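One structure is given below, encoded as structure tokens.
Each chain gets a letter, A, B and so on, in the order the sequences are listed, and its residues count up from 1. All values reported here derive from a predicted model rather than from experimental measurement.
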Protein chains: 2
Amino acid sequence: MTKHRALSEEALLLVAQRFSVLAEPMRLRLIQALFDGEKNVSELVTLTEGTQANVSRHLQTLTAAHILARRKEGLQVYYKIADPTIPRLCEVVCGAIEKQLAKQAGAFTAGR
Amino acid sequence: MTKHRALSEEALLLVAQRFSVLAEPMRLRLIQALFDGEKNVSELVTLTEGTQANVSRHLQTLTAAHILARRKEGLQVYYKIADPTIPRLCEVVCGAIEKQLAKQAGAFTAGR
DNA sequence: CAAGTATATGCGTATATGCTCATATAAAGT
DNA sequence: ACTTTATATGAGCATATACGCATATACTTG
């Protein structure tokens, strides 16, 4: 078990910002699309069914947060997941949601 | 290692919502204040230096997200962390940020 | 039942942010 | 140099949400 020291106000803000970056469905779609490796913008536009402008913006947000990394190759720009903690983070959250939904589902049948 | 299946659009939304709940500094302050156990609203108002109305609202948001649990005792309402994955989540994010800052700090002194 | 205390909530405002359209930039080919 | 293709970005609009103020609700005590 790790000890919890209180976070400074500044650290708290950074944590909030990081969660905030992950709090958009389109950005999660992009992250998910990159789980199996690097892709360029056009591919991501197709996969996520978003507009080019919007995808580009979100990619920038994710890159600025150091969650993705950018590599330019000729006309294309390739993005990949740069932060190794992202998969684990998603796993933890998904697990929590699954448990929560299971509990709620159980509440319906618990009486019978 | 857990396998990654693609998340449904609905699941994606739930994940985004959950991150969104954690994306507010005041809510993180509240969570942090509750790491060492149950507290009532007045105590939380004092600890976080927020207004009573604002603290109350954020507590409601956190409770609706099943992150906190509410227990009423007389006039007071006690809140505690209900979701056991929250501490781990915070650890992972803090770790990622620390690494990121360390790397950025290193970039300044790397040349010498 | 009146008064006091702890918590919740309705409402208005300010700010942030996601989206779209149009256009700019950058690199490649002709 | 001009055109084409891939990506980024400026501007405007629409929506969400955090906050403060005032007030409502819930419970306790006299």
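Put simply, CZ on B:Phe19 is 15 Å from P on C:dG18, counting in whole angstrom units. Between the P atom of C:dA26 and the CZ atom of A:Arg70 lies a distance of 11 Å, rounded to the nearest Å. Per the geometry, CD belonging to A:Gln17 stands 14 Å off C1' belonging to C:dT17, to the nearest Å. Rounding to whole angstrom units, CD of residue B:Gln76 and C1' of C:dG4 are separated by 13 Å. Look at OH on B:Tyr78: it is 13 Å from P on C:dA8, rounded to the nearest Å.
Annotation: the span from B:Leu34 atom CG to B:Tyr79 atom OH amounts to 10.5 Å, rounded to 0.5 Å. With rounding to the nearest 0.5 Å, the separation of NZ in A:Lys99 from CG in B:Asp83 is 8.0 Å.
A close approach under 4.0 Å does not occur between any side-chain nitrogen or oxygen of B:Gln60 and OP1 or OP2 of C:dA8. Between B:Tyr79 and C:dA6 there is no side-chain polar atom (N or O) within less than 4.0 angstrom of OP1 or OP2.
Residues from residues 20-27 of chain A with heavy atoms under 4.0 angstrom of DNA chain C, sorted by number: A:Glu24, A:Arg27. Within residues 51-59 of chain A, the residues that place at least one heavy atom under 4.0 Å from DNA chain D are, in residue-number order, A:Gln52, A:Ala53, A:Ser56, A:Arg57.
Surrounding CD of B:Gln104 are more than 12 heavy atoms belonging to other residues, nucleotides or ligands, all under 6.0 Å away.
The two residues A:Leu12 and B:Arg29 make their nearest non-hydrogen contact at CD2-CG, 3.2 Å. Taking all atoms of both residues into account, the shortest heavy-atom contact from B:Met26 to B:Gly50 is CE-CA, 3.7 Å. Here the shortest heavy-atom pairing between A:Ala33 and A:Leu44 reads CB-CD2, 3.8 Å.
With a heavy-atom cut-off of 4.0 Å to chain A, the contacted part of DNA chain D has its first and last nucleotide at D:dT5 to D:dA11.
Each of B:Lys72, B:Lys39, B:Arg71, B:Arg70 was compared with B:Tyr78 under the side chain to side chain contact (heavy atoms under 4.5 Å, CB included) criterion, and only B:Arg71 meets it.
In terms of position along DNA chain C, the nucleotide closest to B:Val41 lies nearer the 5' end than the nucleotide closest to the other residue of the pair A:Gly74 and B:Val41.
Listed for the B:Gln100 side chain is no donor-acceptor partner under 3.5 Å among the backbone atoms of A:His66. A distance-only check finds no donor-acceptor pair linking the side chain of B:Arg27 to the backbone of B:Leu62 [under 3.5 Å]. Without hydrogens or angle criteria, B:Thr63 side chain to B:Leu59 main chain gives a donor-acceptor distance under 3.5 Å.
When side chains are defined from C-beta on, A:Ile86 counts as touching A:Leu22, because their heavy atoms get closer than 4.5 Å.
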